[in-house]
Amino acid sequence: MAKAVGARPESLLGIFKEQPRGMRMNYYPPCQQADQVMGLSPHTDADGLTLLLQVNGVHSLQIKKDGKWFYVNALNDALIVNIGDTLEILSNGKFKSVEHRAVIHPNKERISVALFFFPCHNLVVSPLPEFVKDDKPNLVS
Ligand SMILES: O=C(O)CCC(=O)C(=O)O
Ligand SMILES: [Fe+2]
């Protein structure tokens with residue numbers, strides 16, 4: 001990923017290699033009033049990168065783009081890769097931490113598993129020098 005944006009891979013590897021991971025398993029029961037409830041409220045992930053698996057093929061993950069919510073039509077058993085806030089800041093906004101949420105299905109239960117990649121402990125999270133032009137961090141929203 002670093003290479004793709006013209007940065008040295010070692011800079012990100014040094015921060016994320018062999019660091020703790022977190023795992024969350026999400027269970028969303030069906031609800032007949034699905035339009036009146038929310039499975040997981042809108043948020044961004046605070047970590048560097050998240051790998052997400054929709055275990056039983058029910059697609060209820062949505063991302064926000066230009067103020068509108070869109071379903072993520074992932075392939076079955078594919079891993080969804082989410083950028084987290086830490087990577088957005090380190091990359092000075094080159095990578096975007098996308099706001100997402102999980103809605104509820106009216107008659108199907110849903111299970112997802114998220115694996116969070118955290119940076120090394122005591123890291124001061126600020127844009128890495130190689131992502132900063134003219135000594136200025138980008139303003140990211
Ligand atoms: O269940 C999902 O699809 C989303 C899970 C998620 O965003 C999270 O656990 O942070
Ligand atoms: Fe999330």
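We count ligands from 1, going down the list as the structure has it; atoms in each ligand are counted the same way. Just so you know, these numbers come straight off a predicted model, no measurement behind them.
Distances under 2.8 Å from the Fe ion (ligand 2) pick out the protein N/O/S atoms His43 NE2, Asp45 OD1, His100 NE2.
Annotation: salt bridge (Lys or Arg N to Asp or Glu O under 4.0 Å) contacts involving residues 3-20, sequence neighbours excluded, comprise Arg8-Glu10, Arg8-Glu130.
Listed by chain and residue number, Asn26 satisfy the side-chain hydrogen bond (donor to acceptor under 3.5 Å, both in side chains) test with Ser112 (two or more places apart in sequence, or in another chain).
The closest donor-acceptor contact from the side chain of Arg110 to the backbone of Val58 lies under 3.5 Å. Thr86 places a side-chain N or O within 3.5 Å of a backbone atom of Ala46 that can act as its donor or acceptor partner. When atom types are taken as modelled, the side chain of Asn56 and the backbone of Ile111 share a donor-acceptor pair closer than 3.5 angstrom. Under the 3.5 Å distance criterion, the side-chain polar atoms of Glu88 are matched with a main-chain donor or acceptor of Ser97. Between the Asn92 side chain and the Phe131 main chain, a donor and an acceptor come within less than 3.5 Å of each other.
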Within the protein, flag every N or O under 3.5 Å from an N or O of ligand 1, and note the pair and distance.
from     : atom 1 : to     : atom 2 : distance (Å)
ligand 1 : 1 (O)  : Tyr28  : OH     : 2.5
ligand 1 : 1 (O)  : Arg110 : NH1    : 3.1
ligand 1 : 1 (O)  : Ser112 : OG     : 2.6
ligand 1 : 3 (O)  : Arg110 : NH1    : 3.3
ligand 1 : 3 (O)  : Arg110 : NH2    : 2.8
ligand 1 : 7 (O)  : His43  : NE2    : 3.2
ligand 1 : 7 (O)  : His100 : NE2    : 3.0
ligand 1 : 9 (O)  : Arg24  : NE     : 3.1
ligand 1 : 9 (O)  : Arg24  : NH2    : 3.0
ligand 1 : 9 (O)  : Asn26  : ND2    : 3.3
ligand 1 : 10 (O) : Arg24  : NH2    : 2.8
ligand 1 : 10 (O) : His43  : NE2    : 3.2
ligand 1 : 10 (O) : Asp45  : OD1    : 3.3

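The shortest non-hydrogen separation linking Phe118 to Phe16 is O-CD2, 3.6 Å.
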Leu51 vs Phe117, side chain to side chain contact (heavy atoms under 4.5 Å, CB included): CA-CA, chis, key distance, verdict: CA-CA 8 Å; Leu51 297 182; Phe117 289 74; 3.9 Å; yes

